[in-house]
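To start, the structure itself, in structure tokens.
What you are looking at is a predicted structure, and each value in this text was computed from that prediction instead of being measured.
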Amino acid sequence: MGFIGSGSIGRTLARLAVGAGHQVVLSNARGPETLADTAAELGPRASTATSEEAAGAGDIVVITVPVSAFPHVPATPLAGKTVIDTCNYGPERDGHIPELDNKSLTSSELLLQYVPDALLVKAFNNIFFKHLLSLARPAGAADRSYLPIAGDSAPAKAAVTEFIASIGYSVVDAGTLADSWRQATGTPVWGTPYGPYSNEKGQPVGEDAIRAALATATR
């Protein structure tokens, strides 16, 4: 697993991935040396690299950066790779982006313009990082939670579903990248089903509840 960006969601995913037996390669915009403590904490399955190196190293690559950083994502090493997009658009942080403000594109479709040969799958953008850590459950658990994913490549979706299963979650297919607005910031499936931020443990959410939340989204 390669990570471009190592903020709260990135570090949490890396921790879950290491726990599931995956190797992780972490990167951020400030350089590998700034992630040395994080890698040491995660143990021998974790290492640090530049963004280009992390993109090249991963069988699956996680992009978890501000939308304003999309132009700086290395496109060439991502060609043909399954890439997980965890990113959410926030104008107060990213500045106003006309295509997102007028809803002619989803943020994932915008990212795809910068990494056109990647096999992009939207995932993990709708859950608080503390809930993501605490709600992971083994396969077959009665209280295993579901996460929505969206993408245009069936093989990439299958690869991401397998990864998500390995770290303790099941998946609801939410459609194509054009449909991924249904899990964007402020939609019914964003945050709320898993409980308030004040409850750091969160609450498990089944398949039916995720499907219902996706279906009630309006644009």
Side-chain angles (χ1 to χ4, degrees), residues 1-30 34-49 54 58-66 82-88 90 93 121-150 159-172 174 180 183-207 209-210 213-214:
M1 302 289 300
F3 285 81
I4 298 174
S6 298
S8 296
I9 282 286
R11 289 194 305 272
T12 301
L13 275 176
R15 182 172 168 182
L16 290 170
V18 163
H22 300 282
Q23 298 278 342
V24 302
V25 183
L26 305 172
S27 74
N28 64 17
R30 298 185 303 279
T34 65
L35 292 167
D37 289 347
T38 301
E41 180 187 334
L42 291 173
R45 289 195 180 100
S47 60
T48 65
D59 296 321
I60 296 176
V61 179
V62 179
I63 296 178
T64 179
V65 299
T82 295
V83 174
I84 298 174
D85 165 24
T86 79
C87 309
N88 286 312
R93 176 197 63 194
V121 178
K122 190 78 167 187
F124 301 113
N125 72 301
N126 73 309
I127 187 168
F128 181 42
F129 74 95
K130 291 184 179 178
H131 293 166
L132 178 62
L133 184 63
S134 63
L135 291 174
R137 301 287 188 274
D143 60 346
R144 188 161 157 112
S145 290
Y146 281 71
L147 295 168
I149 67 170
V160 172
T161 297
E162 184 178 352
F163 169 68
I164 291 175
S166 78
I167 64 168
Y169 289 85
S170 296
V171 160
V172 170
S180 64
Q183 64 196 76
T185 305
T187 60
V189 84
W190 185 78
T192 304
Y194 308 99
Y197 288 3
S198 57
N199 174 10
E200 293 189 1
K201 290 190 178 300
Q203 60 191 23
V205 183
E207 179 178 7
I210 295 299
L214 289 166

If you count every heavy atom of other residues, nucleotides or ligands that lies below 6.0 Å from [X] atom [atom1], does the total exceed 12?
X	atom1	result
Asp59	CG	no
Arg93	CZ	yes
Glu162	CD	no
Asp37	CG	no
Gln203	CD	yes
Arg144	CZ	yes

Heavy-atom closest pair, residues [X] and [Y]:
X	Y	value
Pro193	Pro188	CD-O, 3.4 Å
Tyr194	Leu147	OH-CD2, 3.4 Å
Val24	Ala14	CG1-O, 4.1 Å
Ser6	Asn28	N-CB, 4.4 Å
Ser166	His22	OG-NE2, 2.8 Å
Ser145	Pro204	OG-CA, 3.1 Å

Would you give the length of the straight line joining atom [atom1] of [X] to atom [atom2] of [Y], rounded to the nearest 0.5 angstrom?
X	Y	atom1	atom2	answer
Arg11	Thr64	CZ	OG1	9.5 Å
Glu200	Phe129	CD	CZ	8.0 Å
Ile63	Ile4	CD1	CD1	5.0 Å
Ile167	Leu133	CD1	CG	10.0 Å

Can a donor-acceptor pair be found, under 3.5 Å and without considering hydrogens, that links the side chain of [X] to the backbone of [Y]?
X	Y	value
Ser134	Lys130	yes
Tyr169	Ala136	yes
Asn126	Val189	yes
His131	Gly191	no
Asn88	Asn125	yes

Taking C-beta and beyond as the side chain, do [X] and [Y] meet within less than 4.5 Å on heavy atoms?
X	Y	answer
Leu35	Phe3	no
Leu13	Thr86	yes
Phe163	Ile84	yes

(Q) Go through it in stages, so that I can follow the logic: the residues are Leu26 and Leu42, the test is side chain to side chain contact (heavy atoms under 4.5 Å, CB included), and I'd like the CA-CA distance, side-chain angles, deciding distance and then a yes or no. (A) CA-CA 11 Å; Leu26 305 172; Leu42 291 173; 3.9 Å; yes

Q. Are Arg137 and Leu135 close enough, and set up right, to give a side chain to side chain contact (heavy atoms under 4.5 Å, CB included), and what steps lead you there?
A. CA-CA 6 Å; Arg137 301 287 188 274; Leu135 291 174; 4.2 Å; yes

Q: If the plane angle is over 60° it's perpendicular, under 30° parallel, otherwise tilted; pick one for Tyr197 and Phe128.
A: parallel

